Amino acid sequence: GETEPNYNRYSQGTSLGNIQAYNDDMELFEGYVKGYRFGDDYYPRRWNGRLYYEKDYSQATYQPSMQIAFPTKEPTTEPTKEKSIQPSVQPTQDPTKESSDQPSDTPTGQPTFIPTFKETPYPSRLQFEQPTSSPTIVLSKDPTISPSTSTSLSPSATVSLNPSNQQTEIPTAPASEFPTLNPSNMPLAEPSIQPSQIPTSQRSLRPIPTSESPSRFPSDSNQVVEQLTTMFAGGNGQAGNMFTIRSSEDIVVTDFDIHTYSTSQIEVYIYTKEGEYTGFEQDSSAWTQICSTRVQGEGSPNPTHISAEAIDSVSIGVGQNQSFYITLSESKIRYTNGIPATDDGIIQIINSSGNKYLFGIDYPNRIWNGNIYYSRIHELPTEFPTPLPNNNLGPSKAIETTFSNRNGSYGNMFDVEAIEKLIIHNFWVHTYQQFGALVEVEIYALKEQGQSYVGHELDHTMWRKIGGALVEGRGTGNPTFLPKGSNEEYTIEKGKIQAFYVTIIGGGMRYSNGERVGKVVQSNSDMKIFEGAGVGEPRFGGTFSPRVFNGGLEYYTPDNMAIALADTPQDSLNIRASDIGFQREGWPCDSPDQCFSGLCGPASSNEESNVIVAGSNSLPEANGRDRYSEGPHTFCLDENGQHREDGDAFKYGTSRI
């Protein structure tokens, strides 16, 4: 303010007559400031305030006004003498009586009385009472919510991508030349000229006439759409993911589900390239766009579907790698920290990262959350059958040891003897990890078949990794299964011994105390499983013997087609800590009151120097922290204040004094 007391606020100006504010209707200039009651002048000054005014719409202007982002609430009484060159970005709530040369980007709340010359990108929110006399040139992606009350004079030139939810009361005068790609929810009263590629959920009221002579080859209309699911665990996120898949067969990828926390409309873009994406994360020229669409987000942890109609399908040959980049325009994608290990036996995800929009910074070792939908490409059958039938591996069988628990650490080594020729193709394990905690399981086989694991416990060069996966732990007493295809099919010849090593990298493997290494712990007509050793560190650490692997194996017996059932385990105890009220030795604890021994603390340094570690072997939890990044983990100790493995809690009985 100036020297006199006043309550008006204003700003210093630059020059009398300078424009300080303007819009399409007026200009406001810098002026004077007056002392109290027409006192002294101070200039130049800018008035601080807001001016309200009304415009006279009684007469239309000859030229249209400049476009603004949003239209006026109500149209003018009379239109301008000349039409606007471009329509407004947002339409009016009620349409004008005459159509504009170009439609607005989004439809009006109600349909126009006369259709536009060009089709709008989106249909009207409400249907018009009467259909247009001719269909639009380009079809809508989705049908209207309910059919028109009367038919159009002629059918559409091409089929809709999706059929209407309901049938029209009266069909079009001539029948459509081609059926819809997907069937109607309800069958038609009259059969179509050609059947749908996918049958209806209910039978037609009248059958379709059969052809006079059958075709030479069957059609592929029964081609099965298969699905590969990674996970929907979330835990981290950005705008998108890049991932590479490898196919063991000729396939066509058609559509996806993604994981987003958004429950609003989202923009989705999908790109693809041959080979792996590594080295091309920021190189947009190496990618081909196959999708640009808007979908309704379903929120976390629900799948949000990107339909095949919005995506250009991608063919992948046998043994080829193909990379995909799925991104939103905003950072609303959810993914999970970790190394991808998803494999359904046909396609395998071999690499995955998180990525900023668009082709931005990449974050390696991020597991894409979603589903991949694909079809296998089958060649036409031969005109004549082959002289010999295909080999049949027979039904998959299973054998399980026990889930009696009692002890645990990082893994188990054990031997298997094949009574018949075996093909091992999957495992399941026992872990105390649960409630969404992810465990990284690795499976190894001794390279020399016919030898025991004994003598090779610490020599990693004698072992070969045959499988593994990052899976959600199912908790004590429950089997934690590895996904189908997590392991290669491993053959054990009849009469041979094969050693296996199963480990959880972050710890948490549960097993039982044994009686003697080499004692049969489980057997059936196909194999024997022997007592082995517990392993106290991730990847070939110190061992504890004898220990019993808690878990099972899935396998085939090519020479025996009969279904084999595993014998009932002799030791079927399944006692959990929750049943007896106290935690056993080696279980994580926060206070001594949780332990049998009344002792809770870090392991003694002379017996567990390498078990509690920080670094690359520690598996991140869902909250993003490493399990051991905050210092030594505390366990229930034994009565001597020590912890080598998890210990045998049952030597203390089932109650404390």
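Because the structure is predicted, anything quoted here is derived from the model rather than measured.
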Do the side chains of [Y] and [X] get nearer than 4.5 Å, heavy atoms only?
{"X": "Glu226", "Y": "Arg376", "result": "yes"}
{"X": "Trp368", "Y": "Thr342", "result": "no"}
{"X": "Ile326", "Y": "Asn241", "result": "no"}
{"X": "Phe280", "Y": "Met242", "result": "no"}
{"X": "Ile492", "Y": "Tyr555", "result": "no"}
{"X": "Phe500", "Y": "Ile466", "result": "yes"}
{"X": "Leu422", "Y": "Thr557", "result": "yes"}

For [Y], is there any backbone N or O sitting under 3.5 Å from a side-chain donor or acceptor partner on [X]?
{"X": "Gln227", "Y": "Asn371", "result": "no"}
{"X": "Trp463", "Y": "His456", "result": "yes"}
{"X": "Thr543", "Y": "Val535", "result": "no"}
{"X": "Thr401", "Y": "Gln522", "result": "no"}
{"X": "Ser248", "Y": "Gly345", "result": "yes"}
{"X": "Gln449", "Y": "Glu493", "result": "yes"}
{"X": "Thr431", "Y": "Gly508", "result": "yes"}
{"X": "Glu531", "Y": "Arg516", "result": "yes"}
{"X": "Ser313", "Y": "Thr254", "result": "no"}
{"X": "Thr480", "Y": "Gly473", "result": "no"}

Yes or no on side chain to side chain contact (heavy atoms under 4.5 Å, CB included) for Asp415 and Tyr453, after CA distance, side-chain angles and deciding distance? CA-CA 7 Å; Asp415 295 331; Tyr453 76 89; 3.4 Å; yes
Work out which heavy atom in [X] is nearest to a heavy atom in [Y]; give both atom names and the distance.
{"X": "Asn412", "Y": "Gly534", "result": "ND2-CA, 4.1 Å"}
{"X": "Trp428", "Y": "Pro479", "result": "CD1-CB, 3.4 Å"}
{"X": "Asp257", "Y": "Ile306", "result": "OD1-N, 4.4 Å"}
{"X": "Arg474", "Y": "Gln434", "result": "C-CB, 4.1 Å"}
{"X": "Asn369", "Y": "Arg334", "result": "CB-O, 3.6 Å"}
{"X": "Asn365", "Y": "Ile339", "result": "OD1-CG1, 4.0 Å"}

Gap separating the [atom1] atom of [X] from the [atom2] atom of [Y], nearest 0.5 angstrom:
{"X": "Leu482", "Y": "Glu554", "atom1": "CG", "atom2": "CD", "value": "10.0 Å"}
{"X": "Asn524", "Y": "Asp526", "atom1": "CG", "atom2": "CG", "value": "5.0 Å"}
{"X": "Ile333", "Y": "Thr304", "atom1": "CD1", "atom2": "OG1", "value": "8.0 Å"}
{"X": "Gln238", "Y": "Lys356", "atom1": "CD", "atom2": "NZ", "value": "5.5 Å"}
{"X": "Ile349", "Y": "Asp344", "atom1": "CD1", "atom2": "CG", "value": "9.5 Å"}
{"X": "Ile367", "Y": "Phe243", "atom1": "CD1", "atom2": "CZ", "value": "13.0 Å"}

Does the pair Val454 and Glu457 meet the rule for a side chain to side chain contact (heavy atoms under 4.5 Å, CB included), with working shown? CA-CA 6 Å; Val454 178; Glu457 296 92 333; 4.2 Å; yes
Under a 3.5 Å threshold, yes or no: a donor from one side chain and an acceptor from the other, between [X] and [Y]?
{"X": "Asn351", "Y": "Thr278", "answer": "yes"}
{"X": "Gln498", "Y": "Tyr490", "answer": "yes"}
{"X": "Thr244", "Y": "Ser323", "answer": "yes"}
{"X": "Asn355", "Y": "Tyr277", "answer": "no"}
{"X": "Asn550", "Y": "Ser512", "answer": "yes"}
{"X": "Asn405", "Y": "His430", "answer": "no"}
{"X": "Ser247", "Y": "Gln322", "answer": "no"}

Given salt bridge (Lys or Arg N to Asp or Glu O under 4.0 Å), test Glu420 with Lys397 step by step and report yes or no. CA-CA 13 Å; Glu420 300 289 343; Lys397 305 179 184 181; over 6 Å; no
Tell me, with the steps shown, if Tyr363 and Tyr335 meet ring-ring contact (aromatic ring centres under 6.0 Å, His included). CA-CA 11 Å; Tyr363 306 92; Tyr335 50 69; 7.5 Å; no
Side chain to side chain contact (heavy atoms under 4.5 Å, CB included) for Ser409 and Met509? Distances and angles first, verdict last. CA-CA 5 Å; Ser409 190; Met509 177 78 83; over 6 Å; no
Option among Thr402, Val548, Val429, Asn407 that satisfies the side chain to side chain contact (heavy atoms under 4.5 Å, CB included) test with Tyr511: Asn407
With ring centroids as reference points, do Tyr501 and His460 lie under 6.0 angstrom apart? no
Looking at Lys494, I want to see if its NZ is surrounded by more than 12 non-hydrogen atoms of other residues, nucleotides or ligands under 6.0 Å. no
Residues, nucleotides or ligands: over 12 heavy atoms within 6.0 Å of Lys528 NZ: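 It does not: Lys528 NZ has 12 such atoms or fewer within range.
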Applying side chain to side chain contact (heavy atoms under 4.5 Å, CB included) to Glu448 and Met462, what does each step give before you reach the verdict? CA-CA 8 Å; Glu448 295 294 331; Met462 294 294 295; 4.0 Å; yes
Using 30° and 60° as the class limits, which term best fits the ring planes of Phe549 and Phe414: parallel, tilted or perpendicular? parallel
